[in-house]
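Please read the structure below before turning to the comments.
Side chains are part of it too, since the values below use all heavy atoms of this structure and drop only hydrogens, waters and symmetry mates. Chain identifiers are assigned alphabetically (A, B, ...) following the order of the sequence lines, protein sequences preceding nucleic acid strands; residue numbering begins at 1 within each chain.
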Amino acid sequence: MFGLADCNNFYASCERLFQPQLNGMPIVVLSNNDGCVIARSNEAKALGVKMGAVFYQIKDLIAQHQIAVFSSHYTLYGDMSARVMTNLARFTPEVEVYSIDECFLGLQGYSNLEAYGHLVRNTVIKNTGIPISLGIAPTKVLAKVANKTAKKKNGVMVLDTDDKIKQILTTYPVEDLWGIGRQYAHKLIAMGIETAEQLRNLPIDWVQTHMTIVGVRLWRELWGESCIPLELTLDRKKAMCTSRAFGKLTGDYTELREATASYMSRLALKLRREQCCATAITVKLQTNRFNPNHRQTFPSITLALLHPVNNTHDLVKTALEGLRKIYVRGYLFQKVEVMATGLIPETEVQLNMFSEYKGAAHDKLSKIMDNLNAHFGAGTLRMATEGQKQRWTLRREFLSPEYTTNWNDIIKTK
DNA sequence: TCTGGGGTCCTAGGACCC
DNA sequence: TCTGGGGTCCTAGGACCC
């Protein structure tokens, strides 16, 4: 049996936890640059705020109902997520952290799952203050279904018999299934397949032909045959990227250089944390695709590195070389993206006999930089090309304090 | 004025190998 | 008239997830 624990309205719950006067009040959390709504409390959902709604287009609604607004605060959410996961891990040795707010649990051999589920749920809520729901079923896909159903009931749902499964699937919208995205949903509904039960009654050959092997796995999981195992070890990443829209559009080469250098530095740090090196990097520029009155261009370039590296200096230098090659005057850019691909573990890097480079282990400068920045705060020591003023940085008008990760912001009680 | 960011997997087709 | 069989690797495009 698989359990799926999922935090309710996770980002909104994190913000509300530290402002209890907002209990029972509508809350929304915005994407980077305060662009669109990415999390809503139940009260905000009830007022008709849609997922992905564009913030400036719903400002009237927000004012009218006094909806509390927050900018994304991933330091806070990441820390709260870790607390939830630590608590969940006390209940089973088999834990797969699936996303920032979701976790699969291996529950094979456990008995009295209903009661156990409530124990898990109540413990997490008590210890972290974050409300969660728990779905338990014979497969991951069905655990997802159970979880979604649990959210509407008392927070725990166990699907342990064929009858229960059939009953739930009969009313379960096909587009809400894990693995059915917009395209498949569109195709299925056009054929009159509207529920999960109808989908699993389709012939498997049809599913194979139109939805590939991925669809077949989904189909089998709906019938209770587990095809998607728990992943108990972390796979090595294959690619990493840092991509962010600017706080304002810019065509200024100096600003684009600053942003590219900053994003690449951040990516280099991520690579070192994962203890891997990149063999190639891609730099991509984007104009604002939503504005039909703007001239559009999306230039991109991939550059191979002489040897796999993860040090800030070499990566920034290469990224700026890429930027120079793709930059065009006369466009207003909204975003730059840097991506590292062909990732190789630090310890398995093949050196180049014609180069002086000795490998990541000899990279003293990055180590010193990381240590200083860890101690004195991010950005204490950085590349000069990252700039001083950084006028292109994120808009985050509604940012909450770093309650759990910064001594200066810790909550004081009398 | 203003529209997120970071990933994975699968398939088909082409280039290449012996 | 007729043109093999068995592979690997890479890339682009399309789907999906949170």
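Across all strands shown, A:K237 has heavy atoms under 4.0 Å from sugar-phosphate atoms exclusively, and none from any base. Across all strands, A:M211 comes closer than 4.0 Å to no nucleic acid atom at all (heavy-atom distances). Looking at heavy-atom distances under 4.0 Å, A:A53 makes no contact with the nucleic acid at all. Within the nucleic acid shown, A:S72 has no heavy atom closer than 4.0 Å to any nucleic acid atom. Within the 4.0 angstrom heavy-atom criterion, only backbone atoms of the sugar-phosphate kind lie near A:V214; the bases stay farther away. In this structure, A:N33 reaches neither bases nor backbone, as no heavy-atom distance under 4.0 Å exists between it and the strands shown. Within 4.0 Å of A:K187, counting heavy atoms only, lies no atom of the nucleic acid at all. Nucleic acid contact for A:I38: none, since no nucleic acid atom lies under 4.0 Å from a heavy atom of the residue. Counting any heavy atom pair closer than 4.0 Å across all strands shown, A:Y98 reaches sugar-phosphate atoms only and no base atom. Among the heavy atoms of the strands, none lies under 4.0 Å from A:L332. Using a 4.0 Å heavy-atom criterion, one finds that A:L249 contacts the sugar-phosphate atoms exclusively. Here A:E337 lies out of heavy-atom contact (under 4.0 Å) with every strand. Residue-level contact check: A:I180 touches the backbone only, with heavy atoms under 4.0 Å from sugar-phosphate atoms and none from bases.
In terms of position on DNA chain B, the residue among A:R244 and A:R395 whose nearest nucleotide sits closer to the 5' end is A:R395.
Checked against the 6.0 Å centroid criterion, the rings of A:W178 and A:Y184 do not qualify as a close aromatic pair.
Going from atom OG of A:S13 over to atom CG of A:N8 covers 6.0 Å, rounded to the nearest 0.5 Å.
Under 4.0 angstrom from either OP1 or OP2 of C:dC17 there lies no side-chain N or O belonging to A:K140.
Among A:V309, A:L343, A:L305, A:I344, the one residue that satisfies the side chain to side chain contact (heavy atoms under 4.5 Å, CB included) test with A:T279 is A:I344.
A:Y403 has its side chain out of reach of A:I410: every pair of non-hydrogen atoms, C-beta onward, lies at least 4.5 Å apart. By the 4.5 Å heavy-atom criterion applied to side chains, A:L177 and A:L199 are counted as neighbours.
Distance from the side chain of A:A239 is smallest to B:dT8 among B:dG5, B:dG6, B:dT8. Residue A:D101 has its side chain nearest to C:dC18 when only B:dG5, C:dC18, C:dA15 are considered.
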